[in-house]
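Right, one structure below, let's go through it.
No hydrogens, no waters, no symmetry mates; every other heavy atom, side chains included, goes into these values. Read the numbers this way: they start at 1 and go in the same order the structure lists the ligands and their atoms.
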Amino acid sequence: MLLRHTPEGIAEREALTIQPAKTCQPIGAMYAALGIHRCLPHSHGSQGCCAYHRSALTRHYKEPVMAGTSSFTEGSAVFGGQGNLLDAIQNIFSIYDPDVIAVHTTCLSETIGDDVNQIMVKAREEKKIPEGRFVIKASTPSYVGSHVIGFSNMVKGIVEGFAAPGGARGGFVNVIPGFVEPSDMAEIKRIARLMGVTALVFPDTSGVLDTPQTGSYEMYPAGGAPVSALLGMGGGASTIALGPIASGPGARLLDTRCKVPCEILPLPIGIRATDALVNALRARGGNVPDELAFERGQAVDIITDMQQYFFGKKAALIGDPDHLVSLTGFLTDLGMLVRHVITGTPGKKFVTRIKEAAQTDDVNVREMSDYFYLHQLVKSEPVDLLFGNSYAKYMSRDEDIPLVRMGFPIYDRIGHQYFPIVGYRGAMRLLERMLDAILSRQDRDAPEERFELVM
Ligand code: SF4
């Protein structure tokens, strides 16, 4: 009943956003930074921002997320945060001993106009950065963009901080996996490994935010792309960027800086998009082993067995653009009708990409939009299945539509960090969850005489 006042009629709005379909840029930057081994993210702003970013990530991944903050006060807000950041860099290296500090800005430090580049140079000159340690940075003003853009900006920061031109071309491929779960990053690595392709995946949060319970706390878990490997990224034979919004800009920057050619692919969600990744790895010398062909066959078998339940079902999607484009393609391949697609992240090509994936212009799609708008669309044209993060549960309950949780953030379920939705295995998991949602609804609504054991 939370959304009971949402009217069905749609009045166009320009200045007003109601329940945005995105979160804050630094959250994505912090997540990307955690994908470097022994890296401590640092929020250049007030303590409140950092507490929010950390809590959002901790609630989603159910793991402690550590980060430093420049702890702006009224004085720093007026005179700038250079002194705070210089002190922070010195303190963090001496107390917490990371290999890397990844600084991202916030609304406040961006509004003041702090020059983080210049502060980093000063920190190096004043020997606050020990030999062999690194400070990288990303500009992440949260009054523009979204958490996905923040992730993308920190990926560019990683390239800026580590990529060096020259040297021989190595026998490995850089893979930028996009703003996906640790489980998805692990699955992308597994597919490359199965195909015999040596891949440097960065950022890589597997082994960082999906760690086992050992009874002892590790400030820097075993996972993450090591600095020694990142320093060699400029020697990669090529780069595969998964997701044009989250990964494309970093891959292009690496191409510009070090002449590493890049190929930008959709996130490997669904059979078709996973095939594109597998083909890209084949073009780089990989072979498709029986194990992978077997998994693909299993995914296709599930689709064949259960296609009767998917065909013709209407879906509404809300979330991050790279996910939504691949998911739209997957659902369309299943014979489902994707009716409404909303993202809060800006991106001029989003509408075109969704229409191409849906293979029709007859789909309501909008970038930089909000939950309120999607709710109005769903009220005017109801759907059978809703895809979105935990915030979509209110609409799901009010409109009595089954929800398949995916994307960021998911605060009210566990499993997303351990089980992938990318690759053929990921497609199987997604199919299982979709089918469960559809059939559980069918069971719930079935009259006594139609309540079936075998479905
Ligand atoms: S939106 Fe801006 S002020 Fe708010 S938490 Fe994010 S960075 Fe801080």
Side-chain angles (χ1 to χ4, degrees), residues 15-34 39-61 64-85 88-89 92 101-117 119-120 135-158 179 203 209 245-246 249 318-321 343-347 367-372 389-391 407-411:
L16 178 66
T17 298
I18 306 172
Q19 211 190 356
K22 63 170 186 173
T23 184
C24 148
Q25 270 215 51
I27 290 176
M30 199 177 266
Y31 181 58
L34 290 165
C39 175
L40 193 73
H42 181 86
S43 175
H44 186 50
S46 67
Q47 289 181 0
C49 292
C50 186
Y52 166 55
H53 309 149
R54 288 179 58 199
S55 72
L57 292 169
T58 298
R59 286 172 174 170
H60 178 88
Y61 294 105
V65 170
M66 294 299 139
T69 168
S70 295
S71 295
F72 276 27
T73 57
E74 294 87 339
S76 356
V78 174
F79 299 112
Q82 173 171 294
N84 293 37
L85 185 51
I89 290 171
I92 288 171
I101 299 175
V103 180
H104 60 260
T105 56
T106 56
C107 297
L108 181 53
S109 52
E110 286 286 341
T111 304
I112 297 167
D114 269 356
D115 184 346
V116 176
N117 255 337
I119 299 172
M120 283 163 51
V135 179
I136 63 171
K137 59 109 183 123
S139 174
T140 51
S142 206
Y143 33 78
V144 292
S146 72
H147 56 292
V148 184
I149 304 298
F151 179 94
S152 172
N153 286 340
M154 184 53 84
V155 171
K156 285 199 291 180
I158 294 171
F179 192 156
L209 290 169
I245 306 291
I318 188 161
D320 300 336
T343 184
T345 296
E367 43 109 36
M368 287 182 77
S369 192
D370 53 25
Y371 278 84
F372 190 83
N389 61 37
S390 292
Y391 287 100
F408 181 91
I410 295 174
Y411 293 149

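- The side-chain hydrogen bond (donor to acceptor under 3.5 Å, both in side chains) test applied to S70 returns H42, H44, not counting sequence neighbours.
- Applying the salt bridge (Lys or Arg N to Asp or Glu O under 4.0 Å) definition to pairs two or more places apart or across chains, those involving residues 135-152 are K137-E160.
- For atom 8 (Fe) of ligand 1, the protein comes within 4.0 Å by at least one heavy atom.
- Defined by atom type and a distance below 3.5 Å, a donor-acceptor pair is missing between the side-chain atoms of S55 and T58.
- More than 12 heavy atoms of other residues, nucleotides or ligands sit less than 6.0 Å from atom OH of Y143.
- Residues satisfying the ring-ring contact (aromatic ring centres under 6.0 Å, His included) test with F179, not counting sequence neighbours, are Y31, H147, F151, F408.
- Side-chain atoms of Q47 and S71 form a donor-acceptor pair, as typed in the model, at a separation below 3.5 Å.
- Protein contacts to atom 8 (Fe) of ligand 1 involving N, O or S atoms at a distance below 2.8 Å are C49 SG.
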